[in-house]
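Worksheet for the structure shown next.
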Amino acid sequence: ILHWQPNQGTVVNSQVLNEISQCVETLNGVKEGRCKASLTFYRPNLRDQSVTIDFPRDFLGISMLELPNKYFFIIRGQKIVLEADSSILLIMEKLQSYKSKVALNFEGVLYKLGDFQIRVIKVVPNQAESLRGIMVEIEYLPISSIEKSKQIMEEFIDIWKEIVAKKSLAGQFMHAEPNYAEYGLGDNYTSQHTAVQYAAALAQLIQSAQVRN
């Protein structure tokens, strides 16, 4: 996943999003449909603030449109990723031990380019239309090994960055690959890897916004 970092003093807007979508079409990308993921920040629902118990102070919950029966949790402090059945949300609702603080949607269009899939994603708050960020998710379908596909992915990302650079937009795509081993994940790419990537890309997006401000 690459995240769009606007230049100092500029903002992300729908015009930039449209230009980036045109870049995919320049590569003869074919629209395959919509894509969506939701990321929710959870905080403990403490009735007694003085109680000190060993539990996560916050964690992320991630749902993906293509995996409707799954829900992913990421506890960043302890570097833990968990995959659960989506019914866990009903259990959480009943327990009321954690409450949702912020929810963000990752909405976009899925394109097919030969052996590659590209998702052009806008990051928007759950209850609003204001654009908070832009991401591009690139997937090489024939190989599930991260190590074996690394060179192919790097070459494709270089081509992608060159095409975007020709648009002379006020910003650039940044790529920060998470350390999957920290989360106990292996070389074989899974949905848990995607969840970790979303969390890492969002953290980078927030960090770059804070730096610009």
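Since the structure is predicted, the reported quantities are computational estimates derived from the model, not experimental observations.
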* When you look at Arg119 and Glu32, which way does the salt bridge (charged side-chain N to carboxylate O under 4.0 Å, His left out) test go after all the steps? -> CA-CA 10 Å; Arg119 292 174 175 86; Glu32 290 275 297; over 6 Å; no

* Does any non-hydrogen side-chain atom of Lys122 lie less than 4.5 Å from one of Phe106? -> no

* Structure fact -> Between Leu104 and Pro125 the two heavy atoms that sit nearest each other are CD2-CA, 3.8 Å

* Structure fact -> Smallest heavy-atom separation, Pro178 atom then Ala200 atom, equals CG-CB, 3.7 Å

* To do: Identify the two heavy atoms, one from Ser100 and one from Thr40, that lie closest to each other, and give their separation to 0.1 Å.
  => OG-CG2, 3.3 Å

* Asked: How long is the span from the NZ atom in Lys150 to the CD1 atom in Ile143, to the nearest 0.5 Å?
  -> 14.0 Å

* Is the side chain of Glu107 donor-acceptor paired with the backbone N or O of Lys36 at a distance under 3.5 Å, no angle test? -> no

* Looking at side-chain heavy atoms only, is the closest gap between Val136 and Ile118 below 4.5 Å? -> yes

* His175 side-chain N/O to Glu154 backbone N/O, donor-acceptor pair under 3.5 Å -> no

* Hey, what do you get for CD1 (Ile163) to CD1 (Ile20), rounding to the nearest 0.5 Å? -> 13.0 Å

* To do: Mind checking the CZ-CG spacing from Arg76 to Asp58? Nearest 0.5 Å is all I need.
  => 5.0 Å

* Heavy-atom pair of closest approach, residues Ser14 and Leu131 -> N-CD2, 3.8 Å

* To do: Heavy atoms only: give me the nearest Tyr180-Gln197 pair and the separation to one decimal.
  => OH-CG, 2.9 Å

* Whether over 12 other heavy atoms sit under 6.0 Å from Lys167 NZ -> yes

* Nearest-0.5 Å distance that lies between atom CG in Asp115 and atom OH in Tyr140 -> 5.0 Å

* To do: Would you indicate whether the side-chain heavy atoms of Tyr42 and Leu60 approach each other to under 4.5 Å?
  => no

* **From Leu202 atom CG to Met135 atom CE, the distance as rounded to the nearest 0.5 Å** => 5.0 Å

* Asked: Between Tyr98 and Phe59, is the ring centre distance below 6.0 Å?
  -> yes

* Side-chain donor-acceptor contact under 3.5 Å, Asn45 with Ser97 -> no

* Does the side chain of Tyr189 come under 3.5 Å of the side chain of Thr194 through a donor N or O and an acceptor N or O? -> yes

* For Glu137 and Tyr198, test the side chains for any donor-to-acceptor distance below 3.5 angstrom and give the result as yes or no. => yes

* **Derivation and outcome, side chain to side chain contact (heavy atoms under 4.5 Å, CB included), residues Ser191 and Phe72** => CA-CA 9 Å; Ser191 302; Phe72 300 87; 3.6 Å; yes

* To do: Please report the closest heavy-atom contact between Ile121 and Leu17, naming both atoms and the distance.
  => O-CD1, 4.3 Å

* So if you build clusters from Ile, Leu, Val, Met, Phe, Trp, Tyr with side-chain heavy-atom gaps below 4.5 Å, do Ile75 and Leu95 land together? -> yes

* **Minimum side-chain heavy-atom gap Met174-Leu2 below 4.5 Å** => no

* Is there a side-chain contact between Val123 and Asn105 (heavy atoms, below 4.5 Å)? -> no

* Asked: Is it true that Asp187 and Lys148 have a side-chain N and a carboxylate O under 4.0 angstrom from each other?
  -> no

* Asked: Can you check whether Phe156 and Phe116 have ring centres sitting under 6.0 Å from each other?
  -> yes

* Reported CD1-to-CG distance for the pair Ile74 and Leu82, which is rounded to 0.5 angstrom -> 9.5 Å

* Quick one: does Asn7's side chain have a donor or acceptor within less than 3.5 Å of a partner on Thr10's backbone? -> no

* Decide, yes or no, whether a salt bridge links Glu93 with Lys99 under the criterion of side-chain N to carboxylate O below 4.0 Å. => no

* To do: Would you tell me whether Gln172 and Gln5 have side-chain atoms, one donor and one acceptor, within less than 3.5 Å of each other?
  => no

* State yes or no: do Phe73 and Leu89 share one hydrophobic cluster built from I, L, V, M, F, W and Y residues joined by side-chain heavy-atom distances below 4.5 Å, directly or via other members? => yes

* Residue pair Trp4 / Leu205, side-chain heavy-atom distance below 4.5 Å -> no

* Heavy atoms, side chains only, cut-off 4.5 Å: are Ser21 and Tyr111 in contact? -> yes

